[in-house]
Each structure stands twice: as structure tokens, then as C-alpha cells.
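To keep things clear, I will list the structure first and then write my remarks on it.
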Amino acid sequence: MNDLLVSYAEVAGHDVVDHLCQLAHPLRGLKIVHVNSTREGGGVAEILRKLVPFMEALDLDVRWEVLKGNTEFFQCTKGFHNALQGFAVGISQGMLDTYESVNASNAEELRPVLEDADFVFIHDPQPAALINFFPKRRGKWVWRCHIDCSRPYRPVWRYLKKWIASYDASIFSLAAFARYLPHPQYLIAPSIDPLSEKNIDLPESEIEAVFDEFGLKRELPLVVQVSRFDRFKDPLGVIEAYREARKMTPLQLVLAGGSADDDPEGKAVLEEVRRAASDDEDIHVLELPPDSHRTINALQRASDIVLQKSIKEGFGLTVSEAMWKGKPVIGGDTGGIRLQVIDHFTGFKVKTPEGAALRIRYLLHNEHKRYEMGTRARRLVRENFLLTRHLREYLALIVGVVHGLEDRIELIEQG
Ligand code: UDP
């Protein structure tokens, strides 16, 4: 076992890593490729950054390719994202033409890699049309959807389905997100990496340092939301919840976020958030560079409560990140947050700013509850949302899709 595998075994258990080695063994020599649309920013990049080296550590032949797009392309794909999550977004024919031509030019660049691959994971809608340009593909192609598309805006879904239907299979994070498609669908929840800078234990001094670095008050309880500045993350609702809670309980709020290369709306949302926060010195809106993993880790650890008040959420890695740090999470009652926040047990699910304010006040007045829920939250993540479980499911899926049902291995209990 190499050093990386030993480190994972120490956190997740030796049996877990042994199991991964067994699953990976028959897949050695297969060429596996992941394609998404940004190397930095957002949950997909966060996962691939760690999943790909982990697969390499298991001696798998894996590559991560990133689609190259222009502003109009990313405006179009952000429109897809918003539409899949339920907004009625009109996308012009000109934009769709850009979408298809960007996919066509990327297909030419990636042709040698993708035509030769045994297994291709295409993440989200941005590169979904690539498949159209590989009529001679020899491998299996799987579309991996990270978005809550439980109630997509129909015209946009109909357009995307044209491409997605050609895949050999698709993966969704939750059963509620699955769509009618003419191929097998798999459910795989995302995960966090316990060994990443974002999630490793930090010395107390580094956690304390965020108070000085960002001008936070040591004497005030700290509530934090970490998210791209995106309307689905409801940063304005978070500010409303803070103002409501603050009428009865002193506290301070950090909204920390950055941008993602494939998200052109971030700047405008950040401006709205800054305007909404400008009259209150205890609301800290932090725009962080993309490599601020340790800073985010320290902010999450320094907090008393973590919020993720999304109104739509594919999964919400930030929720598991906070829970791994033993924090109770107040999360929007939606999508993947429902897998992680178990009401009254690992945190609270809320629908409104008022609901969030009520739970903030309750938790700030109950240190023991914060500790109890935080402890359960960490255990839930350890058992369900670490990278090791995620990779096991990907490997099992590859075995299943490549070999089909005939070669299924039956495990029979001995004795
Ligand atoms: N993140 C980050 N910097 C930021 C904002 C977010 O590194 O300024 C990270 C965050 O810690 C998490 C990921 O980006 O790991 C966001 O994933 P999530 O599933 O929560 O949301 P998405 O952005 O994919 O909608």
C-alpha cells in the first residue's frame, strides 16, 4: 500500500481501503477519463481534485480534462444550471449554437484521449454535448449530474436530454433527481476528502488567527456560510436570518465565497450581498481566492454554527465539510442537504429566514446541543460522505457498466 492509501486507511479504516484495492484490481489498464468545465471553484472541481489522485494511488489509469469555453458559452451553461434547478430561463438559439460549437471544438482537442478511453465520466451539462462528436467511441460514457434536476424547466431539459439520452448510463446524487432516460441510472452521493487542506485538523493557533485576519470579534458567537455567490445559496436570506436572530441574541456573520470560472453571475450576486450588508459591521462578506482551502477550514472550525441556507442544492459539500468539523448545520430543506442534515439530530432543516433565525437563537443558547449535534454530524459524515465511500461506488459502477449483468460476481457467504 502506498503512503496515500495508508493515510486514507488511518482515517476511514483499513478494511475500507482493502475493499477499494480489491475493486480497483480488475480495472487496472482501463483508460478512465473525467471531463468537467472548471479546475477551480465549486463542488465538482473540489471532488475531482482529490478523487483523481486517489484513483491514481490505486494504480488506475485516470485523467481529468477540463472543457475550454468563452463568456457566451458559460452564460449559456449557467442558464442550463438555473433551468435544471427550476427557473424558467429562456436560452436563445444563438447561445445554443455557441454551446454546440464550443463542445465541437473541445471534442477535436480531446479526440485522441476520449476516442481511446474505456470509460468516460462527463460531469454536468457543460460538456454533455461532447458525446455527439464521438460516433466512433469505443468506451462506455456516463453522464454524472451534480445538480438538483428534480423539477427542471421543461424546454431546457428537453434540449439537454437530446445529448444525455445517448450516454450508456447516468448518475444522480439523489433518487429525487433522477429523470426518465433510456439507460440505467445510478445514485451516488458526493463526498468530502478528509485529507484535503479543507478538512484536515488544524492547530488551534491557525483557527484563532482568522479572528484577527478578518477583524472578527472574539466575544461574539460566529455564524458562517461558505458558498459561491449564487442566488440558489440564498446569501440575502442568510443576512435576513442574521438580522432577525440578532434582535434577541448577539452574534456576527461571515459570508465567505469566491468565484468559479464557469459561473459568470458571481460578481453581480456579490455586489447585491455587499449592498445588503454594508450598514452592519458584524456582517463580514469575504471574497476569497480559489486556493483558500485552509482559510475556509479555519473559518468553519472557528464557527459556532454553520449555515447553508440554499433554496436548491445538488448536494452541498460545504454541509459535510462543516459536519466533519463537528458543527451543527442549519441547512435549507432542499435537495442534497436533506441527506446530510437530519432534523434535530445533526442540525436543522429550514425553509425561511425566520426559521433559520429561530434555530440560530436556539443553538446559540444551548452549548450542549451544539456539541451533541456536532458529534453526531461528524459520525454521519464518517460513515457516509467520505471520499472512500464515493470512490467505492464509482469503481463498483465501472465494474457493473463494463461487464454488464452476465459477468456479475455473486458474493456468497461461506460456512
Ligand atoms: N468553496 C471554496 N471557496 C469558496 C466557496 C466555496 O473553496 O469561496 C468550496 C467549498 O468549500 C466546497 C465547494 O467549493 O468544497 C462548493 O461545493 P458545494 O457542493 O457546497 O457547492 P457548489 O459550488 O458546487 O454549488
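Just so you know, these numbers use all the heavy atoms, side chains as well, and skip hydrogens, waters and symmetry mates. Each ligand, and each atom within it, is numbered from 1 in the order the structure gives.
- The aromatic rings of Y99 and W163 sit tilted, their planes meeting at an angle between 30° and 60°.
- With respect to atom 4 (C) of ligand 1, the closest heavy atom belonging to the protein is G258 N, 3.6 Å.
- Using a 4.5 Å cut-off on side-chain heavy atoms (C-beta onward), V223 and V254 make no contact.
- Under a 4.0 Å heavy-atom criterion, G257 is in contact with ligand 1.
- Checked against a 6.0 Å centroid threshold, the rings of F134 and W141 count as neighbours.
- Between Q308 and ligand 1 there is no heavy-atom distance shorter than 4.0 Å.
- At the top of the distance list for atom 15 (O) of ligand 1, counting protein heavy atoms only, stands E321 OE2, 2.4 Å.
- Interface of K198 with ligand 1, defined as ligand atoms under 4.0 Å from a residue heavy atom, comprises 2 (C), 7 (O), 9 (C), 10 (C), 11 (O), 15 (O).
- Between S166 and R137, the side chains place no donor N or O within less than 3.5 Å of an acceptor N or O (distance only, hydrogens not considered).
- Atom 23 (O) of ligand 1 has its closest protein heavy atom at R228 NE, 2.7 Å.
- Of the options S320, S227, S196, G43, the smallest heavy-atom separation from atom 5 (C) of ligand 1 is shown by S227.
- By the 4.5 Å heavy-atom criterion applied to side chains, D148 and F177 are counted as neighbours.
- Of all the heavy atoms of H146, none lies under 4.0 Å from any atom of ligand 1, so neither backbone nor side chain is involved.
- Near G316, meaning under 4.0 Å from one of its heavy atoms, ligand 1 places the atoms 19 (O), 20 (O).
- A ring-centre distance under 6.0 Å is found for H34 and F121.
- With hydrogens and angles left out, the side-chain atoms of Y394 and R389 include no donor and acceptor closer than 3.5 Å.
- Not less than 6.0 angstrom separates the ring centroid of Y153 from the ring centroid of F87.
- Residue T318 has at least one heavy-atom neighbour below 4.0 Å for each of these atoms of ligand 1: 10 (C), 11 (O), 12 (C), 20 (O).
- The N/O atoms of L317, backbone and side chain alike, include one that comes under 3.5 Å of an N/O atom in ligand 1.
- In terms of protein heavy-atom proximity, atom 25 (O) of ligand 1 is nearest to K233 NZ, 2.7 Å.
- Aromatic ring orientation, H81 versus F232: tilted (interplanar angle from 30° to 60°).
- In terms of protein heavy atoms, atom 6 (C) of ligand 1 is closest to V226 CG1, 3.9 Å.
- Interface of I296 with ligand 1, defined as ligand atoms under 4.0 Å from a residue heavy atom, comprises 2 (C), 3 (N), 4 (C), 7 (O).
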